[in-house]
Participant: 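Before anything else, here's the structure in question.
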Amino acid sequence: MIKIGNYSVDVIESGRFGLDGGAMFGVVPKALWERSYTKADEKNRIPMAAKALLLRDGTNTILVDTGNSPFMSEKEQSIYGISFDQFSIERSLAGLGISAHDVTHVLLTHLHFDHVGGAVVTNDDGLFPRFTNARYIVQTEHFQYAQDATPKDRASFIASMFMPLEEHKVLDLVEGETEVFDGIFVERVYGHTKAMQTVRITSGNKTLFYPADLMPTGAHVPIAYGMAYDNFPLTTLLEKQKYLPRIIEEEWIVVFEHDALRQAARIVQGVKGPQLSDDIIITEYDN
Ligand SMILES: [Zn+2]
């Protein structure tokens, strides 16, 4: 746990999965991304995490993103290598003394299945919000887009993972750059998908940044290391160029949502451009 202002900040491991390494690194040759991330498996997949944030200030218990769904078909789970053997959101929360009912807000960066999948559970009565006492926060523009996405990322939106939030009237839509809670700022970016929101927690000279899929792993810090999944790769590049000088200058702690090798790091200016500084462990896990 680290403290930023009134908030205790933890990283919640919600499960593991795997995606094609080539798709994760776009135009970067395998020889390079294998060196800066890790070796691919026999299906060319690289290990991926889905790390939520947990922010607590004594009144609110805020979860940022929810990882993959345990309710996908076996076939889909095997395509994406989705596994909850090592980590699950319940076990990670329980380790911090939190149950799903304690969560007051779920801040969703965007509605791709690997970010919203944990938000909804299913039983004989249908689909309903997993965090029963929580409001769910998403950008209006993104929520609209998710229901009518481009062919490029349409397959990443699974309506049954987020429409139940609307049906149960627990969705709060926000517009643009907003201080959603005291010291917690969201901001829209457009390269990965339309109006994804980044999350920044700031107090005094201390800032923690959760860029979601703008920089999914620490290996995506170099400007040219972008994902083939991005709707607008050039926009991602420009958005990174906009954020990185501030991240470096103000020594922000960056949490990498999909990085299976590290939780967080600061970024420094190297000879070849922005690069990772030492890894930071925010929340200790036994395994
Ligand atoms: Zn993602």
Side-chain angles (χ1 to χ4, degrees), residues 11-26 28 33 37-38 40 45-53 63-72 76-77 79-84 87-89 92 106-120 136-139 142-143 145-146 149-150 152-159 161-162 186-199 209-221 225-233 235-237 239-240 243 254-264:
V11 169
I12 300 296
E13 294 271 8
S14 77
R16 287 286 150 104
F17 64 124
L19 290 176
D20 185 88
M24 279 302 292
F25 288 99
V28 178
W33 60 251
Y37 194 64
T38 190
R45 291 178 308 197
I46 54 171
M48 307 262 295
K51 296 177 201 218
L53 284 184
L63 191 64
V64 183
D65 278 356
T66 62
N68 281 297
S69 170
F71 303 103
M72 282 171 109
E76 285 167 316
Q77 295 213 19
I79 290 170
Y80 300 116
I82 294 172
S83 160
F84 302 100
F87 301 111
S88 78
I89 208 162
S92 295
V106 179
L107 189 49
L108 295 162
T109 61
H110 61 305
L111 300 173
H112 283 168
F113 68 81
D114 53 322
H115 298 256
V116 73
V120 165
Y136 292 70
I137 302 166
V138 73
Q139 289 281 332
H142 184 70
F143 181 61
Y145 173 74
T150 65
K152 172 84 172 166
D153 68 340
R154 189 171 295 161
S156 295
F157 292 109
I158 299 171
M161 292 180 184
F162 55 84
V186 295
E187 217 169 37
R188 285 177 297 196
V189 286
Y190 289 83
H192 179 60
T193 183
K194 192 170 192 176
M196 179 174 83
Q197 53 187 350
T198 64
V199 181
F209 185 51
Y210 188 80
D213 283 342
L214 180 63
M215 284 185 279
T217 77
H220 291 84
V221 167
Y225 281 57
M227 293 190 283
Y229 295 110
D230 289 350
N231 268 274
F232 299 101
T235 305
T236 293
L237 193 151
E239 287 167 344
K240 281 163 70 176
Y243 272 111
V254 182
V255 174
F256 300 105
E257 184 163 6
H258 290 317
D259 200 319
L261 311 173
R262 59 181 78 78
Q263 282 186 5

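Counting convention: from 1, in listed order, for ligands and their atoms alike. Note: hydrogens, waters and symmetry copies are ignored here, and every other heavy atom, side chains too, is used. Note that the coordinates shown come from a computational prediction; the quantities given were computed from them, not determined experimentally.
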Participant: Do His258 and His220 have a side chain donor and acceptor closer than 3.5 Å?
Facilitator: no
Participant: Per the side chain to side chain contact (heavy atoms under 4.5 Å, CB included) rule, which among Asp153, Val116, Asp213, Val138 passes with His110?
Facilitator: Asp213
Participant: Are Arg16 and Pro47 close enough that some pair of their side-chain heavy atoms sits under 4.5 Å apart?
Facilitator: no
Participant: Among all residues two or more places apart in sequence or in another chain, which pass the side chain to side chain donor-acceptor pair (under 3.5 Å) test with Tyr210?
Facilitator: Glu257
Participant: What's within reach of the Zn ion (ligand 1), meaning protein N/O/S atoms under 2.8 Å?
Facilitator: Asp114 OD2, His115 NE2, Asp213 OD2, His258 NE2
Participant: My understanding is that only residues two or more places apart in sequence, or in another chain, count here; which of them pass side chain to side chain donor-acceptor pair (under 3.5 Å) with Ser69?
Facilitator: none
Participant: Could you list the residues that satisfy side-chain contact (heavy atoms from CB on, under 4.5 Å) with Ser83, not counting sequence neighbours?
Facilitator: Asp85
